[in-house]
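For ligands, and for the atoms within them, numbers begin at 1 and follow the listed sequence.
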Amino acid sequence: MTRKVTKAIFPVAGLGTRFLPATKSIPKEIMTLVDRPLIQYAIDEARAAGIKEFIFVTSRGKGALEDYFDNSPVLEQELKRKGKDKLLDVLENTNMESGAIAYIRQHKALGLGHAVWCARRLLDPNEPFAVILPDDVIAADKPCLQQMVEAYEELGGGSMVAAMEVPADKVSAYGVLDVEEDLGHSVVARGMVEKPAPGTEPSNLAVIGRYILSPDVMQNLNQMKQGAGGEVQLTDAIADEITAGRKVYGHRFSGQRFDCGSKAGFLQATISFGLSRDDLRDELQEYLDELSAVRAAAQ
Ligand code: UTP
């Protein structure tokens with residue numbers, strides 16, 4: 001039987017340069033989609049998938065992220081005193097169980113693979129673990145990681161990455177799967193390559209920021225191989241699993257993924273999440289209609 005996935009690593013040590021100057025002082029993961037920081041979406045998704053322990057790989061300047069997970073007794077008392085029960089609920093739902101969160105530092109941004117490796121001592125050497133990149137936000141009826149955990153348990157182990165079909169002219173910006181067998185929602189990978197040169201992509205199935213990894217991947221990371229962009233790539237350590245004869249699956253999740261690590265993706269997510277909210281939909285839609293009318297009139 002496959003071991004349950006109960007620990008997740010959240011690599012949040014990147015520099016977030018695409019959001020400068022904001023990221024001079026605000027961690028990217030604290031930036032808000034409507035009224036919740038990106039990290040809250042990631043935590044909620046992990047909880048829904050049965051994750052009990054949350055490991056953050058952080059870096060200098062990420063203090064606001066650590067503070068976010070502290071309880072706020074003064075604020076809670078004030079909301080209680082004023083009878084603002086709904087807001088109190090919102091606040092209390094963000095509270096984390098004592099000891100459920102661990103922080104570890106990545107001293108230098110040497111790549112995603114290196115960030116994941118930094119958490120090695122906090123994992124059980126026999127247990128699979130999840131990795132969530134908070135800047136990939138996925139809107140889905142059933143949260144993406146939960147879909148993956150279910151598929152992973154059904155397939156009986158190995159490693160699994162979230163996968164999504166992307167247009168041919170965009171695929172070389174991603175880790176890309178070489179597909180050996182298509183099982184429907186999941187595929188068996190024959191290989192994986194990070195940011196292939198345009199024209200050399202093995203498929204248009206791109207890897208998105210959700211992973212369930214066998215502990216062997218951590219062993220592979222010990223080799224600290226430098227990959228694309230001179231960084232230690234997680235994709236390469238997963239691809240080494242295939243070379244070693246172990247199973248790696250891609251899972252085509254249901255849902256819409258937003259690349260909130262990019263400005264355009266973040267804006268699209270803001271509009272989409274705004275439109276999905278009962279308290280904002282009408283006003284926002286009205287504004288969008290006005291904008292299209294103005295554009296149409298100008299053409
Ligand atoms: P990105 O490639 O988006 O890099 O990292 P970044 O630094 O966050 O942002 P830009 O490109 O400078 O704007 C993908 C994920 O991997 C983490 C990031 O925090 C992000 O969650 N990461 C990346 C690390 O934790 N450490 C690294 O060395 C690199």
Side-chain angles (χ1 to χ4, degrees), residues 7-33 37-43 45-46 51 54-66 68-69 101-120 122-123 129-138 144-145 161-162 164 166 170-176 192-196 206-211 213 217-218 221 224-238 257-269:
K7 296 187 184 185
I9 301 176
F10 300 79
V12 292
L15 301 173
T17 52
R18 281 170 288 172
F19 280 96
L20 280 170
T23 42
K24 265 173 82 183
S25 67
I26 310 167
K28 179 170 64 172
E29 303 72 24
I30 285 293
M31 296 197 328
T32 50
L33 261 187
L38 289 185
I39 197 66
Q40 188 65 54
Y41 291 90
I43 289 281
E45 185 179 329
I51 299 298
F54 307 80
I55 302 164
F56 289 89
V57 182
T58 67
S59 58
R60 183 184 297 275
K62 300 278 177 170
L65 188 91
E66 299 192 17
Y68 176 76
F69 289 108
I101 301 191
Y103 300 97
I104 193 124
R105 282 264 175 149
Q106 184 190 26
H107 291 99
K108 212 169 174 196
L110 296 176
L112 176 59
H114 180 264
V116 168
W117 177 80
C118 289
R120 66 200 178 282
L122 300 175
L123 296 171
F129 57 96
V131 176
I132 295 188
L133 306 190
D135 41 12
D136 270 340
V137 175
I138 300 170
C144 178
L145 189 65
V161 300
M164 181 179 95
V166 298
K170 302 255 159 55
V171 71
S172 62
Y174 293 85
V176 183
M192 258 173 98
V193 45
E194 185 63 38
K195 298 189 179 59
V207 177
I208 303 304
R210 303 288 182 276
Y211 309 79
L213 300 177
V217 173
M218 208 47 109
L221 284 170
M224 285 295 131
K225 273 199 264 176
Q226 280 190 7
E231 296 192 340
V232 180
Q233 297 289 353
L234 184 58
T235 306
D236 295 342
I238 301 171
R257 173 256 185 179
F258 296 94
D259 175 11
C260 289
S262 80
K263 284 179 265 213
F266 199 97
L267 289 170
Q268 287 158 15

Engineer: Has Tyr41 got a side-chain atom pairing as donor or acceptor with Leu33's backbone, closer than 3.5 angstrom?
Structural biologist: yes
Engineer: Looking only at distances, can you tell me whether any N or O atom of Lys108, backbone or side chain, sits closer than 3.5 Å to an N or O atom of ligand 1?
Structural biologist: no
Engineer: Return yes if some donor-acceptor pair links the side-chain N/O of Glu45 with the main-chain N/O of Leu145 below 3.5 Å, else return no.
Structural biologist: yes
Engineer: Taking the six-membered ring for Trp, are Phe54 and Phe69 ring centroids under 6.0 Å apart?
Structural biologist: no
Engineer: Give yes or no for whether the N/O distance cutoff of 3.5 Å, strictly under, is met between Leu15 and ligand 1.
Structural biologist: yes
Engineer: So, applying side chain to side chain contact (heavy atoms under 4.5 Å, CB included) with Tyr211, which one of Ile9, Leu112, Val217 is it?
Structural biologist: Leu112
Engineer: Give a yes/no on ligand 1: does Gly111 have at least one heavy atom closer than 4.0 angstrom to it?
Structural biologist: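 True for this residue.
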Engineer: Using distance alone, decide if ligand 1 has a nitrogen or oxygen within less than 3.5 Å of any nitrogen or oxygen in Ala13.
Structural biologist: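 Right, the criterion is met.
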Engineer: Out of curiosity, Arg60 CZ to Arg105 CZ, how far, rounded to the nearest 0.5 Å?
Structural biologist: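 One gets 6.5 Å once the value is rounded to the nearest 0.5 Å.
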Engineer: Identify the closest protein heavy atom to atom 1 (P) of ligand 1: which residue and atom is it, and at what distance?
Structural biologist: Arg18 NH2, 3.9 Å
Engineer: Might you point out which heavy atoms bring Cys260 and Ala269 nearest each other, and give the distance in Å?
Structural biologist: SG-CB, 3.7 Å
Engineer: So does Asp136 get a backbone contact from the side chain of Arg210, meaning a donor-acceptor N/O pair under 3.5 Å?
Structural biologist: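 Checked: pair present.
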Engineer: Find all atoms of ligand 1 within a distance of less than 4.0 Å from any non-hydrogen atom belonging to Ala115, and give their numbers and elements.
Structural biologist: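 Result: 24 (C), 25 (O), 26 (N).
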Engineer: Who's the nearest protein heavy-atom neighbour of atom 5 (O) of ligand 1, and how far?
Structural biologist: Asp135 OD2, 4.7 Å
Engineer: Any idea which atoms of ligand 1 are less than 4.0 Å away from a heavy-atom of Gln106?
Structural biologist: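 Close to Gln106: 24 (C), 25 (O), 26 (N), 27 (C), 28 (O).
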Engineer: Tell me, please, which residues at least two apart from Tyr103 pass side chain to side chain donor-acceptor pair (under 3.5 Å).
Structural biologist: none
Engineer: Below a 4.0 angstrom heavy-atom separation, can you tell me which part of Val12, side chain or backbone, both or neither, approaches ligand 1?
Structural biologist: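 Just the backbone.
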Engineer: Return yes if some donor-acceptor pair links the side-chain N/O of Lys28 with the main-chain N/O of Phe19 below 3.5 Å, else return no.
Structural biologist: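 A pair under 3.5 Å: no.
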Engineer: What do we get for His114 next to ligand 1 when only non-hydrogen atoms under 4.0 Å count, side chain, backbone, both or neither?
Structural biologist: neither
Engineer: Can you tell which of Asp259, Val207, Val166 makes a side chain to side chain contact (heavy atoms under 4.5 Å, CB included) with Tyr174?
Structural biologist: Val166
Engineer: Which of these, Thr23, Leu133, Val232, has its nearest heavy atom closest to atom 15 (C) of ligand 1?
Structural biologist: Leu133
Engineer: For Leu112 and ligand 1, does the shortest N/O to N/O distance drop below 3.5 Å?
Structural biologist: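 By distance alone, the answer is no.
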Engineer: With heavy atoms of Lys28 as the reference, note each atom of ligand 1 found under 4.0 Å away.
Structural biologist: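 Result: 3 (O), 6 (P), 8 (O), 9 (O).
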Engineer: For ligand 1, find out whether one of its N or O atoms is nearer than 3.5 Å to an N or O atom of Leu110.
Structural biologist: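 So ligand 1 has an N or O lying under 3.5 Å from an N or O of Leu110.
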Engineer: When you measure from atom 21 (O) of ligand 1 to every protein heavy atom, which one gives the shortest distance, and what is it?
Structural biologist: Pro11 O, 2.8 Å
Engineer: With rounding to the nearest 0.5 angstrom, report the CG to CG distance, Leu133 to Leu38.
Structural biologist: 11.5 Å
Engineer: Scan the protein's non-hydrogen atoms and note whether one is under 4.0 Å from atom 10 (P) of ligand 1.
Structural biologist: yes
Engineer: Considering only the protein, which heavy-atom contact is closest to atom 12 (O) of ligand 1, and what is its distance?
Structural biologist: Thr17 OG1, 2.6 Å
Engineer: Going by side chain to side chain donor-acceptor pair (under 3.5 Å), name the pairs with one or both residues in residues 229-238, residues two or more places apart or in two chains.
Structural biologist: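 For residues 229-238: Glu194-Thr235.
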Engineer: Going by distance only, is there an N or O of Gly14 that falls short of 3.5 Å from an N or O of ligand 1?
Structural biologist: yes
Engineer: Under 4.0 Å from ligand 1, counting heavy atoms only, is it the side chain of Ala109, its backbone, both or neither?
Structural biologist: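 Ala109 to ligand 1: contacts from backbone and side chain alike.
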